[in-house]
Amino acid sequence: MENTETEKRPLDFIRQIIAGDLSSGKHEQSVTRFPPEPNGFLHIGHAKSICLNFGVAVENGGICNLRFDDTNPSKEDIAYVDSIKEDVKWLGFDWGKQVHYASDYFDKLYELAILLIKKNKAFVCELSPEQMREYRGTLTTPGKDSPYRNRSVAENLEMFEAMKKGDFAEGSHVLRAKIDMASPNLNLRDPIIYRILKATHHRTGDQWQIYPMYDYTHCLSDMLEGVTHSLCTLEFQDHRPLYNWVLETLETPCHPRQIEFSRLNLTYTVMSKRKLLQMVEGNYVSGWDDPRMLTLSGLRRRGYTPASIRNFCATIGIGKSDSRISMGVLENEIRSDLNVHAERRMCVLDPVKVIIDNYPDDLIEEVVGKNHPQNPDKGVRSLPFSKELYIERNDFMEEPPKKYHRLGPDREVRLRYGYLVQYVSHVKDESSGEILEIHCTYDPESKGGSAPDGRKVKGTIHWVSAAKGLPVTINMYDRLFKVEDPEADKDIDFLDQLNPDSQVVLSHAIAEPSLAEMKPGDNIQFERQGYFCLDTVAPTKDGKLVFNRTVTLRDSWEKRK
RNA sequence: UGGGGCGUCGCCAAGCGGUAAGGCACCGGGUUUUGAUCCCGGCAUUCGUAGGUUCGAUCCCUGCCGCCCCAGCCA
């Protein structure tokens with residue numbers, strides 16, 4: 001008992017509040033919601049919110065609705081709702097019987113707006129956008145009342161009806177809440193709650209000419225769904241008084257509590273949908289699902305697993321301070337998941353030929369490799385071994401430093417699961433300095449890689465048979481930006497800080513033949529290189545399999561150099 | 001210069017008046033046919049800062065400093 005208690009991660013402040021409301025009897029069940037606007041793809045920042053909202057439901061036996069906040073038809077699209085549903089499902093969460101839409105509540109919202117007018121708490125305003133800005137005042141000076149603020153209830157009702165019917169031009173009239181133009185909180189200076197938009201909505205078509213604004217819609221949607229805790233990000237803190245005003249003024253039977261937490265930022269990337277859209281539209285990336293994008297679809301294609309993302313969200317926690325998490329934390333989560341689940345294979349990324357002089361010319365032997373070093377249940381596979389092989393170009397050095405324990409003049413190394421080989425000579429192109437081939441002899445007694453006499457061979461390198469190897473293409477992905485915070489300097493366009501080497505295509509890589517059996521999306525570790533997955537969008541190109549590098553292995557050798 | 005927030009180890013983050021959890025990173029050491037994994041050990045006399053209250057403060061109060069958000073008919 002005590003052990004499980006102390007080993008558990010302490011509850012974050014939001015879960016503490018919810019646990020308190022449940023134990024005090026304020027609520028019998030928690031109801032949360034994940035409310036994306038269908039105007040872009042979900043990214044890792046949304047995953048934090050999804051894991052929080054759906055996580056709370058799972059942990060407390062509560063409910064979490066998936067609700068599309070679709071109140072702005074000019075920016076939204078059905079394609080986005082489809083991708084969002086797919087991503088939430090992929091992450092491992094279940095929204096139950098139905099998906100909710102703010103647009104489902106348009107009728108109800110309209111009725112409530114009429115009620116607001118009848119309570120003399122809303123009015124139709126004809127100020128132009130420019131005038132509206134002037135009347136709003138500034139951060140330090142109060143605004144002034146709109147000249148239309150004291151229209152009669154009857155006239156407001158009539159004009160709002162006319163707005164709905166489409167009698168007015170877009171931008172000419174709005175419905176405003178009547179609160180306080182002198183409020184130090186700008187959100188309370190008679191905020192607009194309905195505007196005219198002559199756009200076709202992806203669900204309601206041309207049924208409406210007026211659309212409710214976020215502040216008015218969100219709290220009422222929460223209320224209508226019986227949400228108990230409405231969790232959102234910090235920038236909405238100033239909106240909370242308005243959220244509460246609407247519910248109080250309308251005297252709604254249910255009043256959800258809005259609680260804010262800080263949004264996720266990661267080093268070497270940007271998180272706003274607007275900027276991601278900009279990269280997509282400007283062709284800086286191949287699309288929303290480009291493996292370098294921190295969108296869920298990009299991460300999925302990169303080879304990240306749902307569990308790794310859920311674990312990431314759990315380890316960063318929920319708080320209220322502005323933060324920027326190192327990309328290394330995310331990478332660590334996928335490494336630890338894949339270390340356990342991904343089978344191992346060998347693939348030479350940048351090949352250089354090795355010829356084993358004393359090996360029979362036409363012999364091809366089969367050697368046995370473990371699919372996982374720590375998990376025998378993953379089984380074994382056989383690997384063809386032949387006279388000519390490929391090894392990694394950087395696994396040979398003409399003048400190796402002391403600590404380098406790979407191949408070099410007079411050195412012996414182990415070809416993993418193969419044989420121990422001894423360097424004999426090498427051939428190089430004198431003009432370019434490129435190593436053309438390396439000659440070795442093998443110890444026939446060392447099959448499998450063990451030294452018959454127990455001699456110590458420090459280096460073990462991977463290899464692929466030249467005769468049986470499978471040519472593949474590899475996308476080597478790296479961080480998208482050159483700097484930790486691409487948005488830090490306001491004078492520099494974030495697009496100018498893109499990392500030009502974020503994608504390097506290796507078209508001469510050679511993999512062991514068993515890779516031919518892989519299916520798109522399969523995760524694999526190429527020993528000594530990293531984790532890769534067979535691309536899902538274009539698994540083959542020019543007849544060759546295409547692998548995406550998810551993340552490198554930790555490399556303490558590379559680090560000490 | 002108005003209002004709303006935030007400030008605990010390099011990065012996150014517990015702590016809720018009784019004398020600084022944990023993770024990542026980092027540094028040592030061990031095992032290892034992946035320089036991977038795994039294992040062991042180290043890593044804040046100090047909680048933005050200055051005062052105050054208290055037997056006792058990271059936790060309460062006050063001032064100061066720093067950072068973030070707000071003037072869309074976006075969400």
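Reminder, nothing fancy here: chain letters follow the sequence lines and each chain counts from 1. All values below come from the heavy atoms of this structure, side chains included, with hydrogens, waters and symmetry mates left out.
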Are [X] and [Y] close enough that their ring centres sit under 6.0 Å apart?
X        : Y        : value
A:Tyr419 : A:Tyr442 : yes
A:His173 : A:Phe160 : no
A:Tyr214 : A:His218 : yes
A:Tyr194 : A:Tyr211 : no
A:Tyr304 : A:Phe312 : no
A:Phe68  : A:Tyr80  : no
A:Tyr417 : A:Phe385 : no

Any strand is fair game: report the nucleotide pairing with [N] by Watson-Crick or G-U wobble, both distances under 3.5 Å, or none.
N     : answer
B:A20 : none
B:U33 : none
B:C74 : none
B:U1  : none
B:G41 : B:C27
B:G7  : B:C65

Problem set entry | Derivation of the side chain to side chain donor-acceptor pair (under 3.5 Å) call for A:Ser230 and A:Gln258 | CA-CA 4 Å; A:Ser230 182; A:Gln258 173 178 308; 5.2 Å; no
In whole Å, I'd like the distance from the [atom1] atom of [X] to the [atom2] atom of [N].
X        : N     : atom1 : atom2 : value
A:Ile14  : B:A13 : CD1   : C1'   : 15 Å
A:Glu558 : B:A36 : CD    : P     : 13 Å
A:Asp395 : B:G35 : CG    : C1'   : 10 Å
A:Ile259 : B:C6  : CD1   : P     : 13 Å
A:Arg15  : B:G15 : CZ    : C1'   : 18 Å
A:Phe261 : B:A14 : CZ    : P     : 14 Å

Mind checking the [atom1] distance from [N] to [M]? Whole angstroms is fine.
N     : M     : atom1 : answer
B:G15 : B:C60 : P     : 13 Å
B:U46 : B:A21 : C1'   : 15 Å
B:A75 : B:G48 : C1'   : 34 Å
B:G22 : B:G35 : P     : 31 Å
B:U49 : B:A57 : C1'   : 15 Å
B:C40 : B:U45 : C1'   : 26 Å
B:C6  : B:A13 : P     : 13 Å
B:G10 : B:A25 : C1'   : 7 Å

Exercise. Contact class for A:Gln16 (heavy atom, under 4.0 Å): base, sugar-phosphate, or nothing?
Worked result: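 It contacts base atoms.
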For this session: Assign A:Tyr404 to base, sugar-phosphate, or nothing according to its heavy-atom contacts below 4.0 angstrom with the strands shown.
Result: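 Touches a base.
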For this session: Starting from the 5' end of RNA chain B, give me the residue, A:His405 or A:Lys48, whose nearest nucleotide shows up first.
Result: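 Residue closer to the 5' terminus by nearest nucleotide: A:Lys48.
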Seminar exercise, completed: Whether each nucleotide of nucleotides 21-34 of chain B has a protein heavy atom under 4.0 Å at its base (B), only at its sugar-phosphate (S) or at neither (-) is summarised, 5' to 3', as B--SSS------BB
Seminar exercise, completed: Readout for nucleotides 65-75 of chain B: B = base within 4.0 Å of protein heavy atom, S = sugar-phosphate only, - = neither; 5' to 3' it is ---SBBBSBSB
Problem set entry | Result of checking A:Ile461, A:Val464, A:Asp350 against A:Ile391 for side-chain contact (heavy atoms from CB on, under 4.5 Å) |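 That would be A:Ile461.
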Exercise. Within the pair A:Ser321 and B:C12, is there a side-chain N or O less than 4.0 Å away from OP1 or OP2?
Worked result: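 It does not, given that no N or O in the side chain of A:Ser321 lies less than 4.0 Å from OP1 or OP2 of B:C12.
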For this session: Compare the minimum distances between each of B:C12, B:G35, B:C6 and the side chain of A:Lys320, then state the nucleotide with the smallest one.
Result: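 Closest nucleotide among those given: B:C6.
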Exercise. CD1/A:Ile309 to CG/A:Leu330 distance, rounded to the nearest 0.5 angstrom?
Worked result: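 A:Ile309 CD1 to A:Leu330 CG: 7.0 Å, rounded to 0.5 Å.
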Problem set entry | Face-on cation placement of A:Arg203 at A:Tyr101 ring, 6.0 Å and 45° thresholds |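 Ring-cation test returns yes.
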Exercise. Where does B:G72 land, syn or anti, given syn is within 90° of 0?
Worked result: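 Nucleotide B:G72 adopts syn.
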